Colleague: 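Quick one: structure below, then a few questions.
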Amino acid sequence: MSETPEITPSTDRAPDDQAPEHAADVLKARRAKLQALQAAGEDAFKVKFERTHLIGDIPALVPNLEPGGETKLHVRVGGRLMAFRRQGKLVFADLVDASGRIQLLAQANRLGERFNRLDDLDIGDWVGVWGSVIRTKRGELSVAVEGFDILTKGLRPLPEKWHGLKDVEGRYRQRYLDLIANPEARAVMQTRSAAIAFIRSWLMDRGFIEVETPMLQPVHGGALAKPFSTYHEALNMHLYLRVAPELYLKRLVVGGVERVFEINRNFRNEGVSVRHNPEFTMLEAYQAFADYHDMAELLEGLVSEASLATTGGMKVPYQGDTLDLTPPFRRARLVDLVREDGVDVEGDLVAECDRLGVKVDPGWPWGKLLLELYEKKVERNLMQPTFVMDYPKEVSPLARTHRSDPRFTEHLDLVVAGMEVGVAYSELTDPIDQRRRFEAQSEDRDHEAHQVDEDFLKALEYGMPPTGGLGFGIDRFLMVLADQPSIREVILFPAMRPEEGVPQQAEGKAETASKDKPAIIEELKAADDLKAADDLKAAIQSAIPELAAAVVAAMPEIGTAGRRAADSAARRAAGAPSAKADHRTAPHSPEQIPQLLVVGTGKVASALACLGERSGFHVRVAAGPDAYSVGEFEGADEVIVTPEPHDVEALRPDASTYVAICSEVNEFAEEVLQTLMPSEVPYLGVMLKKGKAAAAFKRLGKLGFDEQKISRVHMPIGLALRSQSPEEIAISILAEIVAIRRGAEGYGAG
RNA sequence: GGGCCUCUAGCUCAUCAGGUAGAGCAUCGGACUUUUAAUCCGACGGGCAGGGUUCGAGUCCCUGGGGGCCCA
């Protein structure tokens, strides 16, 4: 007892009062310097500094300068201050611009008064310096400073000078720091730029012209990949971000553009990995009067010449191996490669897959099984550049059937370092065959399958000349050229989850979230990509002003169906007064009024009751063991105290009753759920966190309820809107109920 | 989606068995006219979030979040 008073006050205050200040110490020091500068009338963010020389150009101008020597070469250079070595009345510093690094030498006796102003400088500042070029006694080429200007004051410290920035997350999120601190990052960027510039001019030298085709496409095609979808408000239509430019480039070939290419971004709505980024850069090229053999030669030339141009050779190191990119590359048929791997390709491929541990669907056609075997067992082992020739017809819907073996297409992949970096086809020019292939694909109802692009088929019907086409993954090729193990190293800003706006725990954050709402609304007003939500915002605002911000904030996360549902919830909310009047004037026809049974009395339950009532539901609240504030309930038509799970059942929820279990007592919530399982209610939502919900589902399964009953159970409750505050969660719940009630696409029971 | 790993000061890393968290660089104060990962003296600064176990948690457990790798 006597010890605690001594300890608690001091330890309690230390973290609360001091921690934030300490954490920002370095930043505060910089800000203080900035303010001191500005108070002295110095502009810390200057508009312009005239340079006479780039740093990197200086050494060549003074080739024979001896250590200790001076020149009359006066230079004005500008750059970022990267190191600072004080030596009393002598200061050495390193100045870096895009062309190189040079040492600055500042001497007190030369600079006089201005020498003390060096104190204003920090590592990381951009400074302009003038002086003469000298070489120090130790032989370092330097600028003997005669004067300097702070051009831009840096307010944050740079990463450590020796180790740089190593944390990969930091390097990707703050690539500018990576570029400042790590020369390799700059080198990769430069290699990338050089390679793309080379490829462009190399193709142009061969008579190809560069075009840009739509990234927003009404029908996605040209590759087997899941697209990103978006919506064009003015035209009121769905669009897809392209997965490939292929079908447009081919239209150009139909139009008589005999050699055409595009280097640009493709978007695929798939996972990220060391070889995949959702947006990536692709070269596609088409050449009339060519076949896939010609395109293979083109690829060979491209790869070897680009390697020579950017790395100085055709043998490049890659992750401990040496890749020989000298043409010609090995050519091998896909089926032969699989056979060489010990697979009986003429036998039962399902059995072979089974034997080799390759998981497949026994219903797959031969070609798909073959491809699966190739991808799982062969591809990653192909280190040296290899053209994998002749893909099975079933998996290659855009390539022409092989001229001598109809099981295959004239489709090849260029594999380097176990990665598919390029692809080439003898293009399919027969519109009737093309239609058949599209339709066969569509029937698979595979997400990745091609849609039938009628407009493209029409173009083909006008006639496309014999054509070879190629696709070339720029990012993966850069991995090879720059010897990088991950695609994220060659993409400046790879896809990452945003650091800020991380969803917080719903209940704990409730109060601060509602306090922040005005701020959120302001932020939303500043954002211009929310125009699409204006109508909806207005509808909601007219009904429940407080909640508008929550819905609008969630809008980017809401899919089409959810958006429709929220819209309908909002409109109902807007029209709620009349609905309420209706059911009050006709109290004897309650079966026409949807019932909302809210279990629990927490903040979410309270918000939901209010929202449900205004949306035209007859709201009953079952106050469970957590009922400490039952009197305050607004919106509920009835509040019934139900301390035990079976008391809820006694309320006889029926086929028109939507049940939202929002009790904060998890055990009670789950027991109520189990009690209500046999009932006919169309919706049973339970507010449980992900992990607990999964466990609860398992227990439901063990209790032997049938699938149909289980499928109407929604845990965690509500649409995935990343709701935070209780009000937001209530909206997500009501939106889900509306979606189910109105039969919104994809939200039926099951 | 599954598995493994990871998150400690602004940066790079320690903390081997749960017992008042250390260093280097950076920052701040001081010394120093040829340094260049300058050096020397001194100072400031920290456990991803939330729970749990414990007399006591950076360390063990759970949940959540970010990231990496492998598999699907």
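Values in this document were obtained by computation on a predicted structure and should not be read as measured data. Chain letters run A, B, ... following the sequence lines, proteins first, then strands; residues in each count from 1.
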Colleague: When the P atoms of G1(B) and A21(B) are considered, how many whole Å apart are they?
Modeller: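 Between the two P atoms, the distance is 40 Å.
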Colleague: Searching all strands shown, indicate the nucleotide that pairs with C25(B) (Watson-Crick or G-U wobble; both distances under 3.5 Å).
Modeller: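 The base-pairing partner of C25(B), which may sit in any strand shown, is G10(B).
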Colleague: Please give, in whole Å, the distance from A26(B) C1' to Leu155(A) CG?
Modeller: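 Atom-to-atom, Leu155(A) to A26(B), this comes out as 16 Å.
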Colleague: Looking at every strand, decide which applies to Asn109(A) at a 4.0 Å heavy-atom threshold: base, sugar-phosphate, or nothing.
Modeller: base
Colleague: Just by distance, no angles: are the side chains of Gln103(A) and Arg135(A) close enough, under 3.5 Å, to form a donor-acceptor pair?
Modeller: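 Absent: no donor and acceptor within the cut-off.
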Colleague: So, Asp178(A) and Tyr172(A): side-chain donor and acceptor under 3.5 Å apart, yes or no?
Modeller: no
Colleague: Regarding Arg101(A) and Asp94(A), does a basic nitrogen lie under 4.0 Å from an acidic carboxylate oxygen?
Modeller: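 Looking at Arg101(A) and Asp94(A), the cut-off is met.
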Colleague: Between Asn266(A) and Glu279(A), is any side-chain donor less than 3.5 angstrom from a side-chain acceptor?
Modeller: no
Colleague: Can you measure His163(A) atom NE2 to G24(B) atom P for me and round it to whole angstrom units?
Modeller: 13 Å
Colleague: Taking atom C1' in both A49(B) and C13(B), compute the distance separating them and give it to the nearest angstrom.
Modeller: 24 Å
Colleague: With both distances under 3.5 angstrom, what nucleotide forms a Watson-Crick or G-U wobble pair with G46(B)?
Modeller: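 Base partner found: none.
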Colleague: Roughly how far apart, to the nearest Å, are U27(B) and C11(B) at atom C1'?
Modeller: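 Looking at atom C1' only, U27(B) and C11(B) are 12 Å apart.
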Colleague: Using the side-chain heavy atoms of Glu160(A), tell me which of these nucleotides is nearest: C25(B), U34(B), C69(B).
Modeller: C25(B)
Colleague: Identify the nucleotide, in any strand shown, that forms a Watson-Crick or G-U wobble pair with C32(B), with both distances under 3.5 Å; if there is none, say none.
Modeller: none
Colleague: For Arg86(A) and C28(B), give me the distance from atom CZ to atom P, rounded to whole Å.
Modeller: 10 Å
Colleague: Any idea which of U36(B), U33(B), A26(B) is nearest the Pro157(A) side chain?
Modeller: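 The answer is A26(B).
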Colleague: For G68(B), does either OP1 or OP2 sit under 4.0 Å from a side-chain N or O belonging to Arg488(A)?
Modeller: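 Yes, such a contact exists.
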Colleague: Sort out the partner of G1(B) for me: Watson-Crick or G-U wobble, both distances under 3.5 Å, none otherwise.
Modeller: C71(B)
Colleague: So which one's nearest nucleotide on RNA chain B is more toward 5', Gly139(A) or Asp122(A)?
Modeller: Asp122(A)
Colleague: Which of the following nucleotides, G67(B), C71(B), U27(B), is nearest to the side chain of Arg380(A)?
Modeller: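 The listed nucleotide nearest to Arg380(A)'s side chain is C71(B).
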Colleague: Using the C1' atom in both, what is the distance from G47(B) to C7(B), to the nearest Å?
Modeller: 10 Å
Colleague: Does NZ or CZ of Arg114(A) come closer than 6.0 Å to the centre of the six-membered ring of Phe148(A), within 45° of the ring's axis?
Modeller: yes
Colleague: When you compare U54(B) with U59(B), how far apart are their P atoms, in angstrom units rounded to a whole number?
Modeller: 16 Å
Colleague: For the side chain of Val168(A), counting heavy atoms from C-beta on, which of C13(B), G68(B), U36(B) is nearest?
Modeller: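 Among the listed nucleotides, the one closest to the side chain of Val168(A) is G68(B).
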Colleague: Using atom CD1 of Ile123(A) as one end and atom P of G10(B) as the other, report the distance to the nearest whole Å.
Modeller: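 After rounding, the reported distance stands at 17 Å.
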Colleague: Roughly how many Å is it from OH in Tyr172(A) to P in G67(B), rounded to a whole number?
Modeller: 12 Å
Colleague: Please report, rounded to the nearest Å, how far the P atom of C11(B) is from the OH atom of Tyr176(A).
Modeller: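 So the OH-P distance, Tyr176(A) to C11(B), works out to 11 Å.
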Colleague: Can you tell me which residue among Asp122(A), Asp125(A), Asp120(A) is in a side chain to side chain donor-acceptor pair (under 3.5 Å) with Lys33(A)?
Modeller: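 Filter result, single survivor: Asp122(A).
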Colleague: Nearest to the side chain of Phe92(A) - G68(B), C28(B), U34(B)?
Modeller: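 The nucleotide sitting nearest to the side chain is U34(B).
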Colleague: Measuring from the side chain of Ala29(A) (C-beta onward, heavy atoms only), which nucleotide among C69(B), U27(B), U33(B) has the closest atom?
Modeller: U27(B)
Colleague: What nucleotide among G67(B), U33(B), A37(B) has an atom nearest to a side-chain atom of Arg173(A)?
Modeller: G67(B)
Colleague: Quick check on RNA chain B: between Met496(A) and Gly357(A), whose nearest nucleotide comes earlier from the 5' end?
Modeller: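 Its nearest nucleotide being more 5', the pick is Met496(A).
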Colleague: Mind checking Lys166(A) for me? I need base, sugar-phosphate or nothing, with any heavy atom below 4.0 Å counting as a touch.
Modeller: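 Sugar-phosphate, backbone atoms only, no base.
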Colleague: Could you tell me the separation between the CG atom of Leu158(A) and the CG atom of Leu165(A), rounded to the nearest 0.5 Å?
Modeller: 10.5 Å
Colleague: Can you tell me the distance, in whole Å, between the CZ atom of Arg275(A) and the C1' atom of G68(B)?
Modeller: 16 Å
Colleague: If the C1' atom of G52(B) is compared with that of G18(B), how far apart are they to the nearest Å?
Modeller: 15 Å
Colleague: Nearest whole Å is fine: how far is A26(B) P from Arg85(A) CZ?
Modeller: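 In whole Å, A26(B) P and Arg85(A) CZ are 11 Å from each other.
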Colleague: What's the closest nucleotide to the Arg497(A) side chain, out of G66(B), U12(B), A37(B)?
Modeller: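 The closest nucleotide is G66(B).
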Colleague: Establish, with yes or no, whether the OP1 or OP2 oxygen of C71(B) is under 4.0 angstrom from a side-chain nitrogen or oxygen of Lys376(A).
Modeller: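 Answer no for this pair, as no side-chain N or O of Lys376(A) is under 4.0 Å from OP1 or OP2.
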Colleague: With a non-hydrogen cut-off below 4.0 angstrom, is Gly68(A) in contact with a base, only sugar-phosphate, or nothing?
Modeller: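 Nothing, no nucleic acid heavy atom in range.
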Colleague: In terms of side-chain geometry, is the basic nitrogen of Glu169(A) or Arg173(A) positioned less than 4.0 Å from the acidic oxygen of its partner?
Modeller: yes
Colleague: Which part of the nucleic acid does Val274(A) contact within heavy-atom distance under 4.0 Å: base, sugar-phosphate only, or nothing?
Modeller: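 Sugar-phosphate, no base atom in range.
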Colleague: If you measure from the P atom in A23(B) to the same atom in G45(B), how many Å do you get, rounded?
Modeller: 13 Å
Colleague: From the list U33(B), U36(B), U12(B), which nucleotide is the closest neighbour of the side chain of Leu165(A)?
Modeller: U12(B)
Colleague: Could you tell me how far G56(B) sits from G19(B) if I compare only their P atoms? Round to whole Å.
Modeller: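 Roughly 14 Å separates the two P atoms.
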